Amino acid sequence: MFILEAITKSFDGRIAVGPINLEIATGSATVLIGPSGCGKSTLLRLMIGLTTPDTGAVSFEGALVTPDSAPMLRRRMGYVIQDGGLFPHLTARGNAGLMAKYLGWTQQRIDDRLADLAALTAFPIDGLDRYPAQLSGGQRQRVSLMRALMLDPDVLLLDEPLGALDPVIRYELQDELREIFRTLGKTVVMVTHDIGEAGFFGDDIVLLRDGVIVQRGDIRSLVNAPADPFVEQFVHAQRSVADVLAETRS
Amino acid sequence: MKAFAILIVLLAMTGTADAAEIRVGSKKFTESVILGEAVSHLIRDAGGRAIHRREIGGTRVLFQALLKGEIDVYAEYTGTLSQEILAGLKLDSNAKIRAALAKRGIVMGRRLGFNNTYAIGMNEDRAERLGIRTISDLASHPDLRFGFGNEFMNRADGWPNLRRRYGLPQKNVRGLDHDLAYRGLEANDMDAMDVYTTDAEISYYGLRLLRDDLNHFPVYQAVLIWRAGLDPEIVAAFRRLEGRIDEAAMGRMNGRVKLDKVSESEVAAAFARTSLGVNAIAVDESMWRRLQRHTMEHLTLVAISLSAAIAFALPLGVLAARRENIGQIILAIAGVIQTIPSLALFVFMIPLLGIGGPPAMVALFLYSLLPIIRNTYAGLTDISPSIRESAEALGLPPGARLRLVELPLAARTILAGIKTSAVINVGTATLGALIGAGGYGQPILTGIRLDDVALILEGAIPAAILALMAQGIFETAERMIVAKGLRLKPAA
């Protein structure tokens, strides 16, 4: 689906990403993970062409992603970001249907598609005519997901889609989101900093540090065969409730 | 858009003058307006159609307008012609002035009779106490405060050369409106001013005229000047004024207008009836007709200049937001235009576009640009990056992003800019009267000249109401244009 070859990207003279070679297989669920500033979001933005690499090339389904080709290629990609990025002046329906409307879909066709997507994402039908300001954080992310799925893209790119939600809603949405991915069977690339979430979603986890790939594999290989001490430390850096209980007992 | 088109058509109609129409001009002081009215009465008496474009401005504005054919005839003074308009030619006789004007396609008539020269006036009691009788006497009182008309401050025969000629040491010299100077003298805010020898106020305020003992001031004989090639019958009609008005008669007429509050048209008509046996009838507009005309003129100025400014500034604001380096240049240029004093901006337009509506509209247009450009720029650049990128990530091309996402989000800020421009425009348009564009500034100017508060209010109040209405209209537009989603308080 995506091939990134010898990519480097620097901001203000500081190398943010690279050199990186990465191939994303069609139908896979890939998670990009690493500490803040490791370049995982930049990598995702390179794929959709919101950022152009200094050296190297990104291709999507055999087509080079460039500033000229990106607008057309993006119609085959869905993109969801942390705070949803919803347009405050449009209702949920207007947000999700904006691109389809621009492409000349009839309102009927848009509404039919939205009904399907609302069922898929468990979004209440009567909420479609509310504005983003009138929706909860979880509902806003569902609208953002509907917007990304509207044109039935080949791939879904998600940048910390659940990062801004409180833990209970996040937990519920993780379940739902994985169910949606399974139903759709689409290629998914997700960015997160949460190793638990990464293992929950991804059969293919790419761990980054300082802009380069440290280790790639499933969660089991990361836990059982860490490539270096950093991987081991990162995998175990999050405290579970069990850990906390054990610590207070001693 | 439709209203805009109608306004343009209306403007085009007012711009094309009828061939048989004689346009009489006058400067923005009473004597000139009375003479303009008298000329108009005589043209009408001879069967011509006279339009009096009153109080268009000062000497340069009138003479330029005559050269450009925007007016056909007005009353001028020989001293002004030789010392100011044709100053470089050093003309020392009326015959030489007449010849120099003829080269420019302008005819000068014979003198109307009176000599309205400059003089220096002081409060009689104060002059007596200080023992000042001649201009030379002023030299030994360096602390005296002078207030001179703005024209007098700058002209060749005015203050600069008067000071040199008499060696006057005074440092406290202010330029101000001639009509306000009388009140300044009365209030003892200053000690001496320039007066015209036919000013009615000289006797009213009891001023002492200081003798010009070194013969500095040239002779200012009133004459009519007109464009060559006017209908001879019409020319013969207004030339009946020649030799008929002496200083006393002119001073009395000035007094009738300025002190007795009789209209210039009525005073000129009375003169034509009694001195020339012409059956002249004063043409005074009723207050309502006048208000209607000023409203129409003012609305035309504002509507056209503001619509053009919106049409021009909005794309510039978008460009500024899209291209940061060009944007800084655009904002800098618009900023510089805004720093030009509005009065100066109006006057700059005269050599380019003449007098009347069009130059005023261009000046107002330039003045209305900055708030719209700046707010469009600010509204667009303030959109959060995540929203901007979401639109980009959808695959919308730049034009569609602008139309569907960015402009709607910036609408409130942009409208606020337009509202600011509209209010500034309505206020600044009152200055259009200085260059003959009419509008609510006209009664304000006339009111200042005649010391008539009611007349000032006749311009000031409607201008204030119009500004409030403009604000109201754009607030209503804001409710209609700004999306409901932007007016909601975000959910907790």
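Chain A is the first sequence line, chain B the second, and so forth, proteins listed ahead of strands; every chain is numbered from 1. If you're wondering where the values come from, they're calculated on a predicted model, not measured in any experiment.
Here CG of Leu98(A) is found 12.0 Å from CZ of Arg401(B). Values are rounded to the nearest 0.5 Å. How far CZ of Arg388(B) is from CZ of Phe87(A): 11.5 Å, rounded to the nearest 0.5 Å. Put simply, OH on Tyr102(A) and CG on Leu396(B) are 7.0 Å apart, with the number rounded to the nearest 0.5 Å. Ser390(B) OG to Ile81(A) CD1: the interatomic distance, rounded to the nearest 0.5 Å, is 4.0 Å.
The environment of OH in Tyr171(A) is sparse: at most 12 heavy-atom neighbours from other residues, nucleotides or ligands sit within 6.0 Å. Heavy-atom contacts from other residues, nucleotides or ligands closer than 6.0 Å to CZ of Arg323(B) number 12 or fewer. Annotation: Ile15(A), atom CD1; neighbour count of heavy atoms from other residues, nucleotides and ligands within 6.0 Å does not exceed 12. Within a 6.0 Å sphere centred on CZ of Phe181(A), heavy atoms belonging to other residues, nucleotides or ligands number more than 12. The neighbour count for Arg170(A) CZ, taken as heavy atoms of other residues, nucleotides or ligands under 6.0 Å away, is above 12.
The candidate with the highest count of non-hydrogen atom pairs below 4.5 Å against chain B, out of Arg45(A), Gln82(A), Lys101(A), is Arg45(A).
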Please report, to 0.1 Å, the donor-acceptor pairs under 3.5 Å made by any side chain of residues 52-64 of chain A, with sequence neighbours excluded.
unit_1   : atom_1 : unit_2   : atom_2 : d
Asp54(A) : OD2    : Ser10(A) : N      : 2.7
Asp54(A) : OD2    : Ser10(A) : OG     : 3.0
Thr55(A) : OG1    : Thr8(A)  : OG1    : 2.5

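Only the side chain of Arg403(B) has a heavy atom closer than 4.5 Å to any heavy atom of chain A. Within the 4.5 angstrom heavy-atom criterion, only backbone atoms of Leu86(A) (N, CA, C, O) approach chain B. No part of Ala411(B) comes within reach of chain A, as not one of its non-hydrogen atoms sits under 4.5 angstrom from that chain.
Side-chain atoms of His89(A) never come within 3.5 Å of backbone atoms of Ala410(B) as a donor-acceptor pair (strictly under, hydrogens ignored).
Tested against Leu394(B) for a side-chain contact (heavy atoms from CB on, under 4.5 Å), the candidates Arg147(A), Arg74(A), Met150(A) yield a single pass: Arg147(A).
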